[in-house]
*Asks:* 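Below is the structure I would like to discuss, written out as structure tokens.
These figures come from a predicted structure and were not determined experimentally. Any value given below was found using the heavy atoms of this structure, including those in side chains, with hydrogens, waters and symmetry copies removed.
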Amino acid sequence: MTVPGLAVEPGRQLPPADAHRVLLHCALEAAGIRLTESDRQAVADIAGLDFRVVNSVIGWLAAAPLRG
């Protein structure tokens, strides 16, 4: 899976917002949701929030029926 705008060097720890963005992209992909450019900006905005919020959004995605 490729997360737009994210380049990771081996051994480098991700800042929280980048890690949240990866988690959100994984959850969205697992839910079968394809992102538009404006969706990507929304994901980046959500990723900047604390882990509790991000984890709630991921839980909602996991509970939603799969699209496809």
Side-chain angles (χ1 to χ4, degrees):
M1 170 186 180
T2 302
V3 176
L6 184 68
V8 181
E9 297 172 23
R12 182 182 146 238
Q13 189 172 13
L14 290 176
D18 286 343
H20 295 168
R21 195 156 48 105
V22 170
L23 292 171
L24 287 162
H25 275 275
C26 289
L28 288 160
E29 186 172 298
I33 298 171
R34 294 179 191 260
L35 299 178
T36 65
E37 192 56 42
S38 62
D39 293 336
R40 287 187 183 92
Q41 182 58 52
V43 168
D45 292 345
I46 294 168
L49 301 173
D50 65 47
F51 179 73
R52 185 182 52 82
V53 173
V54 172
N55 194 46
S56 292
V57 172
I58 290 169
W60 299 335
L61 289 166
L66 290 178
R67 293 185 184 185

*Asks:* Can you list the residues that meet the side chain to side chain donor-acceptor pair (under 3.5 Å) rule with Thr36, with sequence neighbours excluded?
*Replies:*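 In terms of side chain to side chain donor-acceptor pair (under 3.5 Å), with neighbours along the sequence ignored, Thr36 is linked to Ser38, Asp39.
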*Asks:* Side-chain donor-acceptor contacts of residues 47-57 below 3.5 Å, not counting sequence neighbours, with atom names and distances?
*Replies:*
from: Asp50; atom 1: OD1; to: Arg52; atom 2: N; distance (Å): 3.1
from: Asp50; atom 1: OD1; to: Val53; atom 2: N; distance (Å): 3.0
from: Ser56; atom 1: OG; to: Arg52; atom 2: O; distance (Å): 3.1

*Asks:* Between CD of Gln41 and CD1 of Ile46, what distance do you get to the nearest 0.5 Å?
*Replies:*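 These two atoms lie 10.5 Å from each other.
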*Asks:* For Asp18, which residues count as a salt bridge (charged side-chain N to carboxylate O under 4.0 Å, His left out) partner, sequence neighbours excluded?
*Replies:*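 Expected list: Arg21.
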*Asks:* Starting at CG of Leu23, measure out to CD1 of Ile58 and round the result to the nearest 0.5 Å.
*Replies:*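 Here the rounded value is 4.5 Å.
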*Asks:* Indicate the atoms forming the closest heavy-atom contact of Ala27 with Leu61, along with that distance.
*Replies:*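 Distance-wise, the nearest heavy atoms are CB-CD1, 3.8 Å.
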